[in-house]
Participant: 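Before we start, here is the structure in question, set down as structure tokens.
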Amino acid sequence: MRALHRFDEASLERWMAANVPGYAGPLRVEQFKGGQSNPTYQLITPTASYVLRRKPPGPLLKGAHGIEREFRVLEALARVAFPVARVHALCTDDSVVGTAFYVMEYVAGRIVWDARLPQIARSERPRYFDAMNEIMGRLHTIYYVAIGLSDYGKPGNYFARQIARWSRQYLDDEGAGRDADFERLVGWLPQNIPPGEESALVHGDCRFDNLIFHPVEARVLAVLDWELSTLGHPLADFAYNALMYRLPPALLPGLAGADLPALGIPTEAEYVAAYCRRTGRDGVPGYDFYLAFNLFRLAAIMHGIRGRVVRGTAASAHARQMAENVELYARLGWLQAEQAMRGGA
């Protein structure tokens, strides 16, 4: 474990014995390299493995690090057999490990870190893209009211609320710095929201490295990291997922500049068309706005990570590297906004 994220393992073991059915120690704890926002750990025992997600230590921005919301959405999705890890228990008592946390099952499988899929045979790559595309379509067509999530967010007016939320978080965190392109987006986005209200359960961060695939099949076993999930506009969620086509490999699992036909990877247009077929759409009007919005949101998230680095609550090298990308995401976002103003590609 990173020094900043250590906790009393004996205290956790006592809680596990009392709250997780079938738990039997002794317990060994290791920290995953990801989970920059909410630290994530593997809990290893002689007979089983678990995963713990917790809020980070230190002062937190209002509304961030929604561990309780993650637990709730995972419970709800399991009821309709959507591929998520089964949750065992939630703890809101800070005295156990220092912050609220929950424990879920450990799902063994393959995680893809590079969207070019270099370790997967060329003939199989389209199947992996289609599996992720299917996850997006399946999530957005779940009737969230029926699984108890009618109050999981505020249906309607999604973009205005999101733009205000991320703008406010940026403005409240002056210590993380200021950026001209970001502030241009703060002004442009609210004035250019496409018409039409839709509401669906959205993940907020669906990309290859947040999916666990079957070890040898192009089949998703579990979707991870639901911290940004809410009731929102499905096209915003899908555009975030498709943003991989516009980003360089250094930023998330990006594909910009890749020779897609040579790699056997579907084009962006093909990927968008597959989602439209799955969700009964004729197309995605306003696609350029949705991309600009997501780049703005990514810049805001990275700005929040930079704030935690500045305050000393996110000390890893990976967090520092991510924090360096605020200006790049904001620049790409403003370039995408300019493309939208020109009428798209």
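For reference, positions follow the sequence shown, starting with 1. Just so it is clear, the model here is predicted, and its values are computed rather than measured.
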Participant: What pair of heavy atoms forms the shortest contact from W188 to A340, and how long is it?
Facilitator: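 Scanning both residues completely, I find the closest heavy atoms to be CH2-CB, 4.0 Å.
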Participant: Is the shortest heavy-atom distance from the side chain of R53 to the side chain of D225 under 4.5 Å?
Facilitator: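 When only atoms from C-beta onward are counted, D225 and R53 do touch, with a gap below 4.5 Å.
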Participant: Write out all pairs satisfying side-chain hydrogen bond (donor to acceptor under 3.5 Å, both in side chains) with one or both partners inside residues 6-20, taking only residues at least two apart or from two chains.
Facilitator: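 Sorted result for residues 6-20: E13-Y23.
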Participant: Which salt bridge (Lys or Arg N to Asp or Glu O under 4.0 Å) pairs, counting each pair once, include a residue from residues 83-107, with sequence neighbours left out?
Facilitator: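 Counting only pairs at least two positions apart or across chains, no salt bridge (Lys or Arg N to Asp or Glu O under 4.0 Å) contact touches residues 83-107.
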Participant: Which pair of non-hydrogen atoms, one from R125 and one from I120, has the smallest distance, and what is that distance?
Facilitator: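 Distance-wise, the nearest heavy atoms are NE-O, 3.0 Å.
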Participant: Please name all residues satisfying ring pair (Phe, Tyr, Trp, His ring centres under 6.0 Å) with F296, sequence neighbours left out, ordered by chain then number.
Facilitator: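 With neighbours one apart ignored, the set is F182.
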Participant: Quick one, L263 and R122 - any side-chain contact, counting heavy atoms below 4.5 Å?
Facilitator: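 Answer no - side chains too far apart.
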Participant: So which heavy atom on A330 is nearest to which on A299, and how close?
Facilitator: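 Closest approach of A330 to A299, heavy atoms only: N-CB, 3.8 Å.
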Participant: Can you tell me if R69 uses its side chain to pair, donor with acceptor, with the backbone of Y152 under 3.5 Å?
Facilitator: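 A pair under 3.5 Å: yes.
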Participant: What class does the angle between the rings of F32 and Y106 fall in, given that below 30° is parallel, 30 to 60° is tilted and above 60° is perpendicular?
Facilitator: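 F32 vs Y106 ring planes: parallel.
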Participant: Can you name the nearest heavy-atom pair linking P26 to P46, along with the distance?
Facilitator: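 Heavy atoms only, the tightest pair is O-CD, 3.4 Å.
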Participant: Evaluate the side chain to side chain contact (heavy atoms under 4.5 Å, CB included) criterion for residues L117 and V112: first the C-alpha distance (whole Å), next the side-chain angles of each, then the deciding distance (0.1 Å), finally the verdict.
Facilitator: CA-CA 7 Å; L117 310 187; V112 175; 3.2 Å; yes
Participant: Looking at SG of C276 and CG of D282, how far apart are the two atoms once the value is rounded to the nearest 0.5 Å?
Facilitator: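 These two atoms lie 8.0 Å from each other.
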Participant: Are L231 and K154 packed together at the side-chain level, in the sense that at least one heavy-atom pair is separated by less than 4.5 angstrom?
Facilitator: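 Side-chain contact under 4.5 Å: no.
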Participant: Taking the six-membered ring for Trp and the single ring otherwise, decide whether the centroids of F101 and F71 are under 6.0 Å apart.
Facilitator: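 Centroid distance F101-F71: not below 6.0 Å, so no.
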Participant: Side chain to side chain donor-acceptor pair (under 3.5 Å) with Y170: which of R165, H303, E183?
Facilitator: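 Going through the options one by one, the only one that passes is E183.
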Participant: Would L149 and I142 count as a side chain to side chain contact (heavy atoms under 4.5 Å, CB included) here? Give the steps.
Facilitator: CA-CA 11 Å; L149 295 178; I142 289 173; over 6 Å; no
Participant: Please tabulate, for side-chain N and O atoms in residues 207-215, each donor-acceptor pair with protein atoms closer than 3.5 Å (sequence neighbours left out).
Facilitator:
{"from": "R207", "atom 1": "NE", "to": "D209", "atom 2": "OD1", "distance (Å)": "2.7"}
{"from": "R207", "atom 1": "NE", "to": "D209", "atom 2": "OD2", "distance (Å)": "3.2"}
{"from": "R207", "atom 1": "NH1", "to": "D205", "atom 2": "OD1", "distance (Å)": "3.0"}
{"from": "R207", "atom 1": "NH1", "to": "Y240", "atom 2": "OH", "distance (Å)": "3.2"}
{"from": "R207", "atom 1": "NH2", "to": "D209", "atom 2": "OD2", "distance (Å)": "3.3"}
{"from": "N210", "atom 1": "ND2", "to": "D205", "atom 2": "O", "distance (Å)": "2.9"}
{"from": "N210", "atom 1": "ND2", "to": "D205", "atom 2": "OD2", "distance (Å)": "3.2"}
{"from": "H214", "atom 1": "ND1", "to": "V216", "atom 2": "N", "distance (Å)": "3.1"}
{"from": "H214", "atom 1": "ND1", "to": "E217", "atom 2": "N", "distance (Å)": "3.2"}

Participant: Are any non-hydrogen side-chain atoms of V103 and V51 less than 4.5 angstrom apart?
Facilitator: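 No. Closest side-chain heavy atoms not under 4.5 Å.
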Participant: Measuring only between side-chain heavy atoms, which start at C-beta, is L255 closer than 4.5 Å to R116?
Facilitator: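 L255 vs R116: side chains touch.
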Participant: Got a sec, which residues hit side chain to side chain contact (heavy atoms under 4.5 Å, CB included) with A24, two or more places apart in sequence or on another chain?
Facilitator: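 Scan of A24 (side chain to side chain contact (heavy atoms under 4.5 Å, CB included), adjacent residues dropped) gives none.
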Participant: Output all residues satisfying side chain to side chain contact (heavy atoms under 4.5 Å, CB included) with R331, sequence neighbours left out; order by chain, then residue number.
Facilitator: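 R331 satisfies side chain to side chain contact (heavy atoms under 4.5 Å, CB included) with D181, W334, L335 only.
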Participant: Do D288 and R342 sit within salt-bridge range, that is, some charged N less than 4.0 Å from a carboxylate O?
Facilitator: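 Result for this pair is no, no salt bridge flagged.
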Participant: Output all residues satisfying ring pair (Phe, Tyr, Trp, His ring centres under 6.0 Å) with H233, sequence neighbours left out; order by chain, then residue number.
Facilitator: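 Testing H233 for ring pair (Phe, Tyr, Trp, His ring centres under 6.0 Å), a comparison that skips the adjacent residues, returns F159, Y290.
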Participant: Would a 4.5 Å heavy-atom cut-off, applied to side chains only, mark R138 and P83 as touching?
Facilitator: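 Yes. Closest side-chain heavy atoms under 4.5 Å.
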Participant: Quick check: do F7 and M1 have side-chain heavy atoms less than 4.5 Å from each other?
Facilitator: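 Yes, their side chains come closer than 4.5 Å.
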Participant: Would you mind reporting whether L43 and L27 have side-chain heavy atoms less than 4.5 Å apart?
Facilitator: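 In contact.
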Participant: Quick one: CZ on R184 to CG on D179, what's the gap to the nearest 0.5 Å?
Facilitator: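 If I round to the nearest 0.5 Å, the distance is 8.5 Å.
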Participant: Check side chain to side chain contact (heavy atoms under 4.5 Å, CB included) between S150 and all other residues, then give those that pass, not counting sequence neighbours.
Facilitator: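 Here the qualifying residues are V145.
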Participant: Can you tell me which residue pairs pass the side-chain hydrogen bond (donor to acceptor under 3.5 Å, both in side chains) test with a partner in residues 257-278, sequence neighbours excluded?
Facilitator: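 Residue pairs passing side-chain hydrogen bond (donor to acceptor under 3.5 Å, both in side chains), neighbours aside: D130-R278, N133-R278, H140-Y275, N241-Y271, R246-E268, T267-E270, E268-Y287.
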Participant: For the pair K55 and E70, find out whether any cationic side-chain nitrogen is under 4.0 Å from an anionic carboxylate oxygen.
Facilitator: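 No.
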Participant: Looking at every non-hydrogen atom in both residues, tell me the closest pair between A239 and L291 and how far apart they are.
Facilitator: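 Distance-wise, the nearest heavy atoms are O-CD2, 3.6 Å.
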Participant: If you look at every heavy atom in G333 and A292, which pair is closest and at what distance?
Facilitator: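 That closest heavy-atom pairing would be O-CB, 3.8 Å.
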Participant: Between atom OH of Y143 and atom CG of L201, what is the distance when rounded to the nearest 0.5 Å?
Facilitator: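 Reported value, rounded in 0.5 Å steps: 13.5 Å.
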Participant: Side-chain donor-acceptor pair under 3.5 Å between N294 and Q336, yes or no?
Facilitator: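 Checked: N294/Q336 side chains show no N/O donor-acceptor pair below 3.5 Å.
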Participant: According to ring pair (Phe, Tyr, Trp, His ring centres under 6.0 Å), who are the partners of Y158, at least two apart in sequence or on a separate chain?
Facilitator: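 Residues passing ring pair (Phe, Tyr, Trp, His ring centres under 6.0 Å) with Y158: none at all.
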Participant: With sequence neighbours excluded, what pairs up with E134 under the salt bridge (charged side-chain N to carboxylate O under 4.0 Å, His left out) test?
Facilitator: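 In terms of salt bridge (charged side-chain N to carboxylate O under 4.0 Å, His left out), with neighbours along the sequence ignored, E134 is linked to no residue.
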Participant: Suppose we screen for salt bridge (charged side-chain N to carboxylate O under 4.0 Å, His left out). Which residues come up paired with R28, at least two apart in sequence or across chains?
Facilitator: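 Here the qualifying residues are E30.
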Participant: Taking atom types as modelled, is there a side-chain donor on R110 or Y128 under 3.5 Å from an acceptor on the other?
Facilitator: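 Yes.
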Participant: Is R72 close enough and on-axis enough to Y102, meaning under 6.0 Å and within 45°, for cation-pi?
Facilitator: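 No, R72 does not sit over the ring of Y102.
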